[in-house]
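Heads up, the thing below is written out as structure tokens.
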Amino acid sequence: MNARLLIKQNVILRHSRRAAASLLVMLAMYTGIRIYSLSAADRSYDRLLSGAALSIAESLSVTHGNIRTDLSYAALEMLSAAPDDRVFYSVVGPNGAVVTGYGDLPAEPPNLRKNGLTSGRAGEARFFDAYYRGDEVRFAVLGRQMSEPNASGWVWVQVGQTRLARDALQRELILGAVAPLGFVAIVTLILAWFGTDRALRPLKRIGDELGARRAVELDPIRTPVPREITPLTDAIDGFMARLASTMDTLRMFIAEAAHQLRTPLAALRAQAEIGVDGKPEDAHRSLVAIEKNAAKISRLLDQLLSHATVLHRTDIQKTETFDLIDIVHEAAHETINMTSGANVEIDHSIDAAPMKGDPVLIGESVKNLLHNALRYGCPNKEPISLSVGIDRDEYVVLIADRGPGIPAEQREWVFQRFTRGSQSSPGAGLGLDIVRRAVTRHGGNVVLRDNPKGGLIAELRLPRAQS
Amino acid sequence: MTRLRSILVLMTVFIAGCAPQPDESDVAARHVVIYSTTDLESFQPVLDDYKLLRPDVDVEYIALDAGPLYERFLGEVRRGSSTADLLLSSAMDLQVKLVNDGFAANHDSANARALPAWAKWRRQAFGVTFEPVVMVYNKKMLGDRAPPRSRSELLSALKNEPEFWRGRIGTYDAERSNAGYLLVTQDVLQGETFAVLLQAMGEVDVKKYDNTSAILDRIASGHLIAGYNLLGSYARARIDHGAPLMIVYPEDYTLAVSRTAIIPVAAPHPDAAHSFLEYLVSIRGQQVLTTRSKLNAVRREIQGPYAQSGVFDRELGAIRPIALGPGLLVYLDQQKRERFLDTWRRAMSPALRAEPRSIDGATAQ
């Protein structure tokens with residue numbers, strides 16, 4: 001319940017983040033549209049404004065040393081494209097005196113005027129906004145150079161218009177751009193809403209199918225699904241196939257274990273019956289046989305437990321940093337203590353062997369190999385040699401005995417579960433299977449080879465840099 | 001019976017309690033000051049009707065000429081002293097300038113929006129009348145001559161019989177009359193013919209007057225034979241009173257002016273001002289303007305000989321109403337005015353024209 005709540009909250013969080021992101025994008029788009037619309041509206045009306053200024057500038061003349069203008073009707077009529085906007089203009093002579101028009105128009109910003117003077121391009125208006133007579137007004141300024149005697153220098157024509165029409169055009173442009181955008185956004189939202197619902201419906205069907213199944217039904221999903229969802233169903237099918245195989249293995253393991261346990265148990269019962277029913281002098285022999293079989297069962301159980309541990313730990317994939325030498329020493333001590341008359345020579349060429357992985361798995365592996373060596377490799381109590389070394393980027397653990405060895409063609413076979421090198425020896429044959437699983441899980445490997453001095457060497461290789 | 005009486009008494013008390021109590025805003029709404037270029041005699045019926053509608057509003061009507069009206073208003077605003085609540089002037093150009101310079105307040109209503117496009121600007125200037133600008137003749141003085149019906153016919157008549165017309169045609173003095181200046185500048189905008197006509201009028205020693213009434217008086221009395229650029233409504237009113245006048249709507253084009261109302265931002269009684277302006281542009285106000293003040297209504301809904309439709313129905317050539325808008329600012333330009341009047345003076349007096357200075361600008365645009 002808690003987890004589900006958390007997931008729901010996460011979903012909401014993710015959705016609100018996404019909503020905030022799309023809101024930001026929309027805001028950015030709106031700002032962009034606004035800026036564009038403003039400049040577009042200004043551009044279109046600036047043309048009229050500069051046209052009017054140009055028309056006035058063209059009417060400039062000098063009569064008797066006085067600047068004269070002849071304001072044409074067309075000049076102001078041109079501006080009536082913005083019918084409700086107020087119009088202001090002025091003509092200022094070289095001496096700064098107002099020739100005609102409004103004497104109190106706001107001056108253009110100083111940076112603008114300076115540029116205009118230095119470049120001295122007549123016929124090209126400069127624009128600026130200023131507050132005048134209660135309204136925001138757009139002005140165009142145009143310079144014309146007069147070079148008549150008594151009146152030479154720059155004459156400035158300034159024409160201004162309030163911004164009503166520009167603002168209206170800008171609003172219109174914004175609306176023209178935002179309205180379809182908003183429409184598309186809403187349609188997308190609606191489609192996404194229905195689309196998501198539709199797209200998620202197969203998932204619900206899969207859920208229903210899996211919910212209705214019994215625990216042992218691990219067949220592939222039968223519900224037909226759209227192509228987009230097949231990776232999910234493939235993954236589920238693959239997972240269930242692995243689960244089925246694991247369960248098969250487990251079932252086989254249990255069957256084998258039961259079979260393996262049945263034989264010594266049957267022998268145990270037979271021996272006990274002989275001991276009970278037979279002559280008293282046979283009783284001691286029966287007890288010896290019983291003890292032998294009980295020990296066998298005990299070992300078998302140990303191995304089964306060890307095997308189960310390895311299987312479990314392989315599944316949970318626990319990882320920590322440890323020193324291989326410590327683990328090897330520990331494993332050796334435990335094994336030696338459990339075996340009477342064990343003679344193990346421990347030797348290592350390095351002082352420390354830090355590595356990452358599961359120390360229990362590695363320990364179990366070493367114990368198994370050592371156990372095998374002690375059981376099969378020292379018929380005449382020869383010493384077993386155990387060493388830890390380093391070879392490039394691998395640690396090498398060698399367990400060498402002086403026993404009869406295993407023929408080369410049988411060496412791969414002995415790694416399989418419930419096999420033993422020789423049927424006569426005690427043991428369930430689980431050991432090497434455990435070792436291989438554990439070592440493989442660490443990215444290493446284990447091999448058996450001939451000991452040049454006679455006997456068998458089990459060689460364990462483990463990578464040093466295990467992540 | 002007693003019960004019914006007590007109920008009646010209660011109701012009386014209740015109604016008395018509900019009667020509106022005068023307060024500050026009501027007092028402010030009860031006074032409105034109008035500066036107008038229309039003489040009080042013409043406008044009185046409008047004021048009387050408004051009084052019926054709003055007996056609580058006390059109208060102070062001050063008749064002024066267009067120029068003094070403009071100057072007085074500006075002076076009062078500059079000094080910060082109390083000024084008018086409504087400016088009603090036939091000088092459309094000066095009213096447009098006041099709006100352009102930011103002195104006018106907005107007035108928005110369905111009635112205001114119903115005005116023709118040319119009769120409103122910025123929801124601040126509203127043309128409330130529609131007055132064709134006509135030629136007026138004394139029928140008796142013309143004798144059996146056909147009255148010239150267009151500017152080109154008038155020009156031919158002046159050229160053919162200069163001695164008949166000499167000193168007997170009158171028009172506005174553009175220098176002294178704002179309305180006359182507006183009309184003559186608008187004539188110039190209409191085309192080249194007018195400059196020639198102006199010169200021809202100058203050649204026959206045209207008489208210049210300050211207002212339409214002065215010219216109409218002299219035509220009616222026989223001192224003049226013809227008047228050019230006169231307000232049609234005034235002439236009609238005189239014909240209705242039996243004057244031997246004849247109105248000709250020039251067939252080439254007929255200008256039309258509009259008495260223009262604005263409410264100043266500085267109006268001391270804005271509520272009453274808006275109420276009065278709203279009345280002027282309402283159907284009822286327009287009706288009274290047309291039928292009783294004999295000023296042509298601007299709204300096309302109004303029927304009758306003085307209404308806009310009445311004039312249009314005569315199909316007397318192109319009616320060109322002067323449109324409110326920034327275009328009217330052109331001839332208010334100081335230099336433009338000087339230039340124009342210089343040309344006008346020379347056209348009007350042959351003595352000046354004889355001087356060796358070139359004629360320029362008479363046909364400007």
Side-chain angles (χ1 to χ4, degrees), chain A residues 45 48-49 52 55-64 66-93 97-106 131-137 155 157-165 168, chain B residues 77-78 93 95-106 108 112-113 117-126 182 185-191 262 264-266 322-343 357-358 360-365:
Chain A
Y45 280 103
L48 297 174
L49 209 55
S55 161
I56 296 173
E58 276 170 355
S59 80
L60 290 172
S61 61
V62 177
T63 317
H64 303 298
N66 294 320
I67 308 279
R68 302 292 303 270
T69 61
D70 186 7
L71 190 63
S72 75
Y73 193 73
L76 293 194
E77 193 59 29
M78 200 182 299
L79 297 176
S80 68
D84 276 347
D85 278 303
R86 291 149 67 191
V87 172
F88 311 103
Y89 66 92
S90 74
V91 177
V92 177
V98 176
V99 175
T100 190
Y102 291 77
D104 58 345
L105 291 188
Y131 195 76
Y132 180 65
R133 290 193 187 231
D135 257 324
E136 205 54 51
V137 179
V155 176
V157 176
Q158 184 169 346
V159 181
Q161 193 172 28
T162 50
R163 300 193 56 99
L164 286 180
Chain B
V77 169
R78 284 204 189 101
D93 45 357
Q95 296 285 71
V96 162
K97 179 136 176 75
L98 287 179
V99 169
N100 193 63
D101 293 358
F103 291 109
N106 280 348
D108 206 356
R113 281 192 293 273
W118 56 264
K120 60 192 176 205
W121 188 46
R122 282 178 61 83
R123 293 181 292 151
Q124 292 176 337
F126 302 95
L182 173 65
T185 53
Q186 289 293 317
D187 266 335
V188 165
L189 288 178
Q190 301 297 331
I262 65 173
V265 177
I322 298 170
L324 290 169
L328 293 180
L329 298 175
V330 172
Y331 282 95
L332 291 183
D333 181 75
Q334 303 95 305
Q335 287 217 352
K336 189 77 177 178
R337 184 178 163 90
E338 273 171 37
R339 254 176 129 93
F340 180 81
L341 286 179
D342 193 43
T343 311
R357 275 174 64 181
S358 68
D360 67 330
T363 60
Q365 283 300 315

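In the text below, chain A, chain B and the rest are named by the order of the sequence lines, each starting its count at 1.
Looking only at atom types and distance, the side chain of B/D333 has a donor-acceptor partner in the side chain of A/Y89 under 3.5 Å away.
Summarising the geometry, atom CG belonging to A/D85 is positioned 8.5 Å from atom CG belonging to A/D135; distances are rounded to the nearest 0.5 Å. Put simply, CD on B/Q186 and CD1 on B/I322 are 4.5 Å apart, with the number rounded to the nearest 0.5 Å.
With A/Q161 contributing its side chain and A/F88 its backbone, the two residues share no donor-acceptor pair below 3.5 Å.
Per-residue heavy-atom pair counts under 4.5 Å with chain B were compared for A/V99, A/T162, A/L164, and the maximum is reached by A/V99. For the options A/T69, A/L76, A/V91, heavy-atom pairs under 4.5 Å to chain B are most numerous at A/T69. Listed options B/T185, B/D101, B/L328, B/L329 were ranked by heavy-atom pairs under 4.5 angstrom with chain A; first place goes to B/D101.
Looking at A/I67, the atoms closer than 4.5 Å to chain B (heavy atoms on both sides) all sit in the backbone: N, CA, C or O. For A/Y102, the part lying under 4.5 angstrom from a heavy atom of chain B is the side chain only. Only the backbone of B/V99 comes within contact range of chain A, judged by heavy atoms closer than 4.5 Å.
A salt bridge links B/R113 to B/D108: at least one charged side-chain nitrogen sits closer than 4.0 Å to a carboxylate oxygen.
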